[in-house]
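Below: one structure, written as structure tokens.
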Amino acid sequence: MENLFINIARTLSDWLLQLGLSHFWTDLVLLVVQWTAIILIITLNVIILVWLERKISGFIQQRLGPNRLGPFGCFQTIADTLKLLTKEDIIPSQTDKLIFKTAPMFFIIVSVLLYAVIPMGKDMVVVDLNVGLFYFISVGSLTTIAILMAGWSSNNKWSLLGAMRSVAQMISYEIPLAFSLLGVVMIAGSLNLSAIVAAQSNIWFIVLQPVAFVTYFIAATAELNRGPFDMPEAEQELTAGAYTEYTGMRWALFFLAEYTNLVAVSALAATLFFGGWQGPLLPSWMWIIIKTYLIMLVFMWMKWTFPRIRMDHLMSLSWKVLVPVSLINILVTGVGIEIFKGMGW
Amino acid sequence: MFGKGLLKGLGITAKHTFEREITQQYPEERPHLQDRFRGSLAYDYPKCIACGLCIKACPNNVLTLETYKDEGSRKKKVAYYAIDLQYCLFCNLCVEICPTATLYFTHEFELTSYDREGIKKEYHRPPELVPASKTAAGPAEEDKTPPGGETDDKKVRQMEAMKTALLKNPAKTLGKILPAEEDVAIMSSLMQEDDKILTKLAQLLVEDRDKAAKVATAWVKKGRSSGPPPGAVPPMADGTPRSAAGQSSAEETAPPAADSREAEGGVGLPAEDKAPLGDEADDKRVRQVEALKTALLNNPAKTLGKILPAEEDVVIMSGLMKADDKILAKLTQLLVEDRDKAAKVATAWVAREKKRNPGEGGPSS
Amino acid sequence: MFVESEPYIINIGPQHPSTHGGMHVEALMDGEEVVNVTIHLGYVHRSVEKIAESRTYTQFIPYAARLDYMSTNLPAWGYVEAVEKLSGLTVPERAQYIRVVMGELSRIASHMMFVGSLAIDLAATTGLLYCLRDRERIMDMLEMTSGQRLLSSYMRLGGVSHDLPEEFFPAVKSFLTDVPAMLDEYNGLITGNEILQARCNGIGVLTPETALAYGVTGPNLRASGISYDLRRADPYGIYDRFDFNIPVAQKGDCMARLMVRLEEIEQSARIIKQALEQMPEGEILGKVPKVLKPEKGREVYHRTESAKGELGYYLLADGTDKPARLHVRAPSFINLMVLPIISRGSKLQDIITNIATLDPVLGESDR
């Protein structure tokens, strides 16, 4: 059970080698298979997540949520996806067509790229980069470019305003996000995510870095454009923000990418603060799924409880609260590490 | 400050997450409607006396009424009645003003249809009631008065008007000649029981009001000593459904006499005496049966609820009814003739149906 | 290098998630900052005042109830009182009390809707759902009394259409007992939320001078520190018999407008409690002629405190059974006119908060 996926991969590569392929081609084929698996998992996962979010919001609001299609309405999202796939694809005449069409693709590609470095279980990581965390943060911030592309090319004031908000939000929140993760990196002594997981074999970093976790959590919510920080969409004032002009599958790609991001960010949180794939009894890949889903539940819970924050308050929260707090956290962590080292731990 | 409010909010939503949902799963779970709920507006054809008050009361021209007069009778009858629900404000004004509780609100609320015509409710005169000479002519608007005898004609017309007024609103007319309210009630019930008294009274009222007052007082005295008290009203015999809203408003606004008149058989054409007796009785029966059939189909729960105690049984029965036209016809006839028997037969049918497919609560369609 | 920027226009409405009906707000923006706001109204214009001229006095009641569909009994009540004043009709005691009970229930329903719509305009969807859940109980009570949930057309000239049913009393009593718990929940989820506080405190400040100059009435005026409530200032019906406070807030910002309404829910509950205790037995419909024909040339202006402010009806009779002229002083319309003033210089998101806290109902403002 533990090595289920690893065994599959090994069998596959052995088989390919037997066929007489060189190591280069075998690795390439394996990479393609891994990516396909990840994309399939992501898509399926989003279908489950959309259903889960609607159910959770329903329960919070003392409703049932979707309950018509299939047991507990679990086929509802599939039906919705089919609807979105068959919808007319409208591209408004005054748009910048090339950018308008590439924006959703860019968004989803960037979101999927995030999964390259997340350890999905023991020895289960697509690319075990030694600067994995750095890769994650820099690729993650690219999503904003996609939103900006969408907003700019739509030639719509709501879209542009939403896109601009997104950019401002990203610039403000990248900094506390990175700073909050620095504390973890300092303790683990590595940017490699597998190494960070390994460093938590005795104690989870949430215990050592609670402030960093809270800062990361808030900054990540803002990075994800989720409520209460869903500025780019802001349906109450901007109708649908940057996505106003999108229809059908193009819009669905944005939707898909946002949920993909949500999973990636939650998985990262689980990896950095909750011991990643480590856990007793159950196989390692099961543990990371459980932890990721629990963190996502908190994200959903927050979204369905809080009102949206105002744009300028968002900025001041980042610059006046989160940045100083995360800086102080780094200082305290550094001093703490030195003290512990001095004590000879 | 510092997130205490945020945490409290999270606590509240978390608490409600694990509470039971408060929504109704609508198509499966039917909403609990209050007694007075105003759903679709319905019309009870046999009760209508074609007075046209509802037409005048309606703020938005929802209602249409076309009348005709039979040969030899001066009484207006309904040829066609339409409720164009798409314009209805559901304001209850027509139901409140209706003197015979012909109009009432049902509990039916699923009123959507695919076209505008579908939401219109129309009531045509049942074909078996159309006299042979009239079938071809269609709904005649007004009978032409024969020439000659102008003064006689006027008096007759006045008398007719007075008769209608007496029937429609006895309290008002009688109140002018009888001082005590109780007397008015007795008089109006007398009037409705005996057509001769009505005619005589109307004639006297037209000719000489003082005399009318004297005669009326005498009748009342006689009536009080012999007749039944006006309050003791026998239960409704026809079994036609009336909404609670319609009923209560009728009781509130109409004078006490209205009840006793309804008790007479629920058919609001008491002054019709010129047709041969046998025909009239048959006529009445046919109309009652027709009305009841419509009522049973439109709102089975209400009518069946009177004879079947359990809700489940009502559902089964209405399913049976809809499936088999013969059962419907039989049940209607029984209901008109003998309610107790109807109840027994219905219970037997339901029991048989239950035995046939046990475990199935719903209608077998 | 100097970057030059120019203002641009953002259209909010007429079809927009948070305009409370067909309203078009044209916002002239400089970045995220509001330079000016222009309101375009008339999307829900149904020429109600003209309709009144072709309807009898009784027939207009359902239309009056459709003015402010959030608190349907209050505009209908104002209208029937205006006609009663015009033609000198008397209303039985019991009917007066029933009107107070149903009217105040409608006011609570309207204020609950206000709290909920403010919550959802600030994207706190759950706040709306909880408010709707509690408002549903009022709707049930309206249904059991009048037969309709939203547009009950319950008021009649000279009284009300139905007496209170038996099942109404336990329902209203349990509702009144639960009101404090409901308010606690709103305070916990909505009012106490720091994000909401940040978005409401000091936003859209309406000074008492401006409020008076523009003729703002109702909770919006009381939130600006002026204690003016027609139920106290010019008591109509039987309001002089009840003991209640008039909630006043001093700041005049969005938070003040929210707090005033929350407190008004409490005070309305108090009035209902007293009305139920004092309610006598008796008639519910006074003597009303079948055809009401007020004398030619008689005119009347009658004002009541609706959930939105001072709702006035001007009626001119011409001797027929239909009014020669009806004019509605719609508080929503007049209150809405301060939106540009309180929005200038604030952020785009504040326009939404301001619209929500001014609580316009477009059926009434467009008429």
Side-chain angles (χ1 to χ4, degrees), chain B residues 1-17 19 21-24 31-39 41 53 55-62 87-97 104-107 109 168-169 172 243-249 251-253, chain C residues 51-52 54-56 58-63 65-66 76 124 126-127 129-130 132-134 136-137 140-154 156 159 161-163 165-168 171 184-197 283-285 288 290-291 321:
Chain B
M1 241 351 254
F2 302 114
K4 222 176 102 193
L6 297 179
L7 290 178
K8 199 176 171 196
L10 283 174
I12 289 172
T13 44
K15 197 184 91 201
H16 285 301
T17 308
E19 275 174 14
E21 82 280 354
I22 48 157
T23 46
Q24 278 176 334
H32 169 68
L33 299 172
Q34 308 289 347
D35 276 350
R36 291 177 185 173
F37 176 74
R38 303 208 287 268
L41 185 60
L53 282 176
I55 311 290
K56 281 186 197 138
C58 181
N60 216 15
N61 298 331
V62 174
Y87 301 118
C88 187
L89 301 171
F90 299 91
C91 63
N92 210 26
L93 288 175
C94 55
V95 174
E96 273 168 37
I97 205 137
Y104 59 95
F105 277 108
T106 64
H107 278 194
F109 58 91
K168 223 186 278 172
N169 196 348
K172 199 168 161 194
S243 81
Q247 191 168 10
S248 64
S249 67
E251 275 162 15
E252 277 157 22
T253 50
Chain C
I51 285 175
S54 61
R55 303 288 190 273
T56 64
T58 313
Q59 281 177 350
F60 187 69
I61 295 170
Y63 293 93
R66 276 158 177 77
T126 307
L129 268 289
Y130 290 172
L132 284 180
R133 175 198 64 198
D134 298 337
E136 201 65 6
R137 293 173 66 178
D140 282 342
M141 282 185 261
L142 292 185
E143 186 190 339
M144 68 177 73
T145 313
S146 66
Q148 284 288 13
R149 301 170 70 77
L150 193 63
L151 301 163
S152 57
S153 81
Y154 179 59
R156 290 287 180 272
S161 69
H162 300 77
D163 203 347
E166 253 168 52
E167 65 265 30
F168 175 82
D184 271 357
E185 202 166 286
Y186 306 156
N187 282 328
L189 186 66
I190 300 168
T191 327
N193 191 301
E194 274 90 356
I195 299 175
L196 186 127
Q197 284 173 354
E283 289 281 304
I284 54 149
L285 208 58
V288 185
K290 269 265 154 60
V291 181
D321 56 351

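Numbers restart at 1 for each chain; the letters A, B, ... are given by sequence-line order, proteins then strands.
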Practice prompt. Go through the atoms of C/R66 and report whether side chain, backbone, both or neither lie under 4.5 Å from a heavy atom of chain B.
Written response: side chain
Worksheet item: What is the distance from atom CD1 of C/I61 to atom CG of B/L89, rounded to the nearest 0.5 Å?
Response: 12.0 Å
Worksheet entry | Proximal component of B/I22, with respect to chain C [non-hydrogen, under 4.5 Å] | side chain
Worksheet item: In Å, rounded to the nearest 0.5 Å, how long is the span from CG of C/L285 to CD of B/E96?
Response: 8.0 Å
Practice prompt. Hey, could you give me the CG/NZ distance between C/N187 and B/K8, rounded to the nearest 0.5 Å?
Written response: 7.0 Å
Item to complete: Heavy atoms only, distances under 4.5 angstrom: which of B/P59, B/C91, B/G9 has the most pairs with chain C? Name it, please.
Response: B/P59
Discussion item. With a 4.5 angstrom heavy-atom cut-off, is it the side chain or the backbone of C/Y130 that approaches chain B, or both, or neither?
Written reply: side chain
Worksheet item: Between B/R36 and C/S146, is there a donor-acceptor pair closer than 3.5 Å when you use the side chain of the first and the backbone of the second?
Response: no
Item to complete: Examine whether an atom of B/L33 lies under 4.5 Å from a heavy atom of chain C, and if so say whether it belongs to the side chain, the backbone or both; otherwise answer neither.
Response: both
Response to the item:
If one checks every heavy atom of C/S152 against chain B at 4.5 Å, the contacting part turns out to be backbone
Practice prompt. Counting only heavy atoms closer than 4.5 Å, note whether C/L151 contacts chain B via side chain, backbone, both or neither.
Written response: backbone
Item to complete: Go through the atoms of C/T126 and report whether side chain, backbone, both or neither lie under 4.5 Å from a heavy atom of chain B.
Response: side chain
Worksheet item: Can you check whether C/E143's main-chain N or O pairs, donor with acceptor, with B/Q34's side chain at less than 3.5 Å?
Response: no
Worksheet item: Can you say whether C/F60 sits under 4.5 Å from chain B via the side chain, the backbone, both, or neither, judging by heavy atoms?
Response: neither
Discussion item. Is the shortest side-chain heavy-atom distance between B/L93 and C/R156 below 4.5 Å?
Written reply: yes
Worksheet item: Just wondering, are more than 12 heavy atoms of other shown residues or ligands nearer than 6.0 Å to CD in B/E21?
Response: yes
Worksheet, complete the sentence: Under 4.5 Å to a heavy atom of chain B? For C/E136 that would be neither
Discussion item. Within this structure, what is the CE-CZ distance for the pair C/M144 and B/F37, rounded to the nearest 0.5 Å?
Written reply: 13.5 Å
Worksheet item: If you round to the nearest 0.5 Å, how far is OG1 of B/T13 from CD of C/E185?
Response: 10.0 Å
Worksheet item: So which heavy atom on B/L6 is nearest to which on C/E194, and how close?
Response: N-OE1, 3.1 Å
